[in-house]
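Source: prediction; values computed, not measured.
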Amino acid sequence: MCGIVGVVGHRNATDILMQGLEKLEYRGYDSAGIYVIQDAGNGKLVKSVGRIANLRSKLGIDVAGSTGIGHTRWATHGQATEDNAHPHTSASGRFVLVHNGVIENYLQIKEQYLADHQFKGQTDTEIAVHLVGHFVEEEGLSTLEAFKKALHIIQGSYAFALVDTTDPDTIYVAKNKSPLLIGVGDGYNMVCSDAMAMIRETSEFMEIHDKELVVLTKEAIVVTDYEGNKLERETYTAELDLSDIGKGTYPFYMLKEIDEQPTVMRKLISTYADAEGKLTVDPAIVRSVQEADRIYILAAGTSYNAGFASKAMIEKLTDTPVELGVASEWGYNMPLLSQKPMFILLSQSGETADSRQVLVKANELGIPSLTVTNVPGSTLSREASYTMLLHAGPEIAVASTKAYTAQIAALAFLSKAVGEANGKQEALEFDLVHELSIVAQSIEATLSEKDSIAEKVEKLLTDRRNAFYIGRGNDYYVAMEASLKLKEISYIQCEGFAAGELKHGTISLIEDGTPVLGLISASETVAAHTRGNIQEVAARGASVLTIVEEGLEKDGDDIIVNQVHPFLSSISMVIPTQLIAYYASLQRGLDVDKPRNLAKAVTVE
């Protein structure tokens, strides 16, 4: 949430900052701003409310320089106003700062050190930059020493980039819990929240770990701890391609990412199986799961739903019980654990703050952990015992699609590998490579029916404020994800329910025209029960749409999905629901990729 960019030593800093902010807009779009400087005391600060396009429209030819910082904001403290937009300045205007995260003790800092200061806005960030200014201008410290002193006082999550307007050749950088990278250029250097922001300029990056400080100039990158001890850090090459982060001919990233899912399935096959179909999952991960007496999947949002969708498959293939946990709850209210737990953290970005809080506790307790993520080198990847990558390519739309299906597929490879190692017959007979290829074909078949699905959405959901998804077994877990997707981007209040639970209270909400979307992919017996529940809501006036797996269809069903292996049905069944959410949002004239109040990477707790 929120995005930072910065560059020092480039003659066209403004362009680099704006291009970077546009790539990071998925992280926050309440407001944005940049500060650019060429010579000491000769800088320009421009801020605006809303999208990056609003900021670009305010830039004049005088906003130019070789050093600068920029920020796109997802509001935490204070409303989306220009006063609250970043960058923020110190009391005298000498220091300029951008910040991601939440400063937990900002009110105490204000009372103890800044009681006589006047503030323009209500953000915790403004407190931080005033604190640096206070130590320089009232206590006589150097900029570096003042920044260090502030970092020792500030508590919470943060990624900072600081400019001293009297020294336009330096950017001071520090982080704790919030993601931040250094981009290594030729005769200039950069800082960014995500590699994709600077991939046009460089593919070489350097990680910054928690409670590290970086002094960035065009010639040098100096990394230290907060005590000033110098640290050595190797760079790495980001495996990103500019074509991966563009929309191409698509009107929205979400539609592009939905369409990429068959390719993602095939990419996972080539990653986790060899040409003969033998699995290549890291044996160390397999052994760690084998040794566990219970698997705990910790996640948030869509990743949490992917965990539920994978639960039965993991249990049946590994013979190990699986428990799901909401990361934001477990971070502070961890329940009684089994004797030999194994934590699996699911996160598209690998930077989810709530999941990291759980991982910190797991590490303290010596619990082995596996991060399943789309982003190599991310915080959760670095700090977990093991990592499995999704290889789904950048996911930019706020509403996750291909990461969800990739997580289920990746967990399928893990489950089969463990089951094979345990000698479990069901795992040995499960031809995952073949079955996942069938899933890819099923997705392609559903995607070929886009126009038909769009028509059904228009008939069912136009002008509706409420809807329900229902299903049984794994269809219930798909219903959870489907309802989240619909509410995220169309703002239709939608809930996913176990179909049999409707009559235990929720059916009282069904009235004439209430949309109910029924998912049916389980056995004939379970399908019959779900159809009975559909009849119950139809009898009370509901407008029903059915999504049914091939072989269970009946006359009058609306969307038929190709049959796949039951372990993988959650992947194929979710595809039409992703399209339903997309078209419901489109028909309302909304921004599909950037729904209100949401950001892609949830890096604050």
Side-chain angles (χ1 to χ4, degrees), residues 268 281 285-286 288-290 292-330 334-338 340-348 355 358 362 367-373 388 390 400 403-419 422 424 426-427 430 432 435-436 439 469-484 496-501 519 521-523 526 530 549 564-574 577:
L268 285 166
V281 178
I285 299 175
V286 174
S288 189
V289 177
Q290 280 184 287
D293 63 359
R294 185 174 294 264
I295 297 167
Y296 297 87
I297 296 179
L298 289 309
T302 286
S303 295
Y304 180 66
N305 294 336
F308 267 113
S310 306
K311 181 180 189 294
M313 171 186 67
I314 298 171
E315 291 181 334
K316 289 176 182 176
L317 289 176
T318 69
D319 265 345
T320 306
V322 175
E323 185 173 334
L324 270 292
V326 177
S328 58
E329 288 294 319
W330 277 51
M334 191 172 292
L336 181 66
L337 302 175
S338 64
K340 295 180 179 179
M342 170 80 178
F343 279 17
I344 297 179
L345 297 103
L346 302 184
S347 171
Q348 187 283 139
S355 296
V358 176
I367 298 170
S369 56
L370 166 67
T371 289
V372 180
T373 183
M388 284 186 72
L390 300 178
S400 179
Y404 170 85
T405 52
Q407 285 170 340
I408 298 171
L411 290 173
F413 278 105
L414 175 63
S415 302
K416 176 174 168 59
V418 174
N422 289 338
K424 187 166 172 56
E426 192 166 7
F430 178 37
L432 177 55
E435 297 297 346
L436 204 56
V439 168
Y469 271 98
I470 62 172
R472 289 172 179 258
N474 258 28
D475 290 335
Y476 164 43
Y477 302 136
V478 174
M480 290 165 55
E481 170 60 13
S483 66
L484 175 61
F497 276 92
E501 280 296 294
L519 302 168
S521 73
S523 67
V526 174
T530 301
E549 190 172 68
V564 302
H565 194 285
F567 288 158
L568 304 173
S569 66
S570 295
I571 299 176
S572 56
M573 288 293 287
V574 83
T577 73

From CA spacing to verdict: side-chain contact (heavy atoms from CB on, under 4.5 Å), Leu414, Val289: CA-CA 9 Å; Leu414 175 63; Val289 177; 4.2 Å; yes
Pro341 versus Tyr296, closest heavy-atom pair with distance: CB-CE1, 3.5 Å
Heavy-atom side-chain proximity of Thr530 to Asp475 below 4.5 angstrom: no
Side-chain donor or acceptor of Lys416 paired with backbone N/O of Phe430 under 3.5 Å: yes
Atom NZ of Lys424: over 12 foreign heavy atoms under 6.0 Å: yes
Verdict with supporting geometry, Phe567 and Glu426, side-chain contact (heavy atoms from CB on, under 4.5 Å): CA-CA 11 Å; Phe567 288 158; Glu426 192 166 7; 3.3 Å; yes
Donor + acceptor pair across side chains of Ser338, Asp293 (<3.5 Å): yes
Spatial distance of atom CD (Glu481) from atom CD1 (Ile408) [nearest 0.5 Å]: 8.0 Å
Where Leu268 and Ala409 come nearest, the two heavy atoms and their spacing: CD1-CB, 3.6 Å
Side-chain donor or acceptor of Thr373 paired with backbone N/O of Gln348 under 3.5 Å: yes
Point-to-point distance, once rounded to the nearest 0.5 Å, from OG of Ser355 to CG of Leu345: 5.5 Å
Nearest heavy-atom neighbours spanning Ser288 and Met342: OG-SD, 3.3 Å
Over all atoms of both residues, closest heavy-atom pair of Phe343 and Ala362: CD2-CB, 3.6 Å
Gap between atom OH of Tyr404 and atom CG of Leu484 - 0.5 Å precision: 10.0 Å
Intermediate values then yes/no, side-chain contact (heavy atoms from CB on, under 4.5 Å), Val564 and Ile571: CA-CA 9 Å; Val564 302; Ile571 299 176; over 6 Å; no
Student check: side-chain heavy atoms of Asp319 and Asn422 closer than 4.5 Å: no
Considering all heavy atoms, the nearest Leu519-Ala479 contact: CD1-N, 3.6 Å
Nearest-0.5 Å distance, CD1 of residue Ile285 to CZ of residue Phe413: 13.5 Å
Worked verdict on Gln407 versus Ser303 for side-chain contact (heavy atoms from CB on, under 4.5 Å): CA-CA 8 Å; Gln407 285 170 340; Ser303 295; 3.0 Å; yes
Salt bridge (charged side-chain N to carboxylate O under 4.0 Å, His left out) against Glu315, all qualifying residues, sequence neighbours excluded: Lys311
Gap separating the CD atom of Glu323 from the CG atom of Leu337, nearest 0.5 angstrom: 8.0 Å
Approximate separation, where rounding is to 0.5 Å, of Thr371 OG1 and Met388 CE: 12.0 Å
Nearest heavy-atom neighbours spanning Leu390 and Ala410: CD2-CB, 3.9 Å
Parallel, tilted or perpendicular: rings of Phe308 and Tyr477 (30°, 60°): parallel
Heavy-atom check, side chain of Val439 versus side chain of Thr405, under 4.5 Å: no
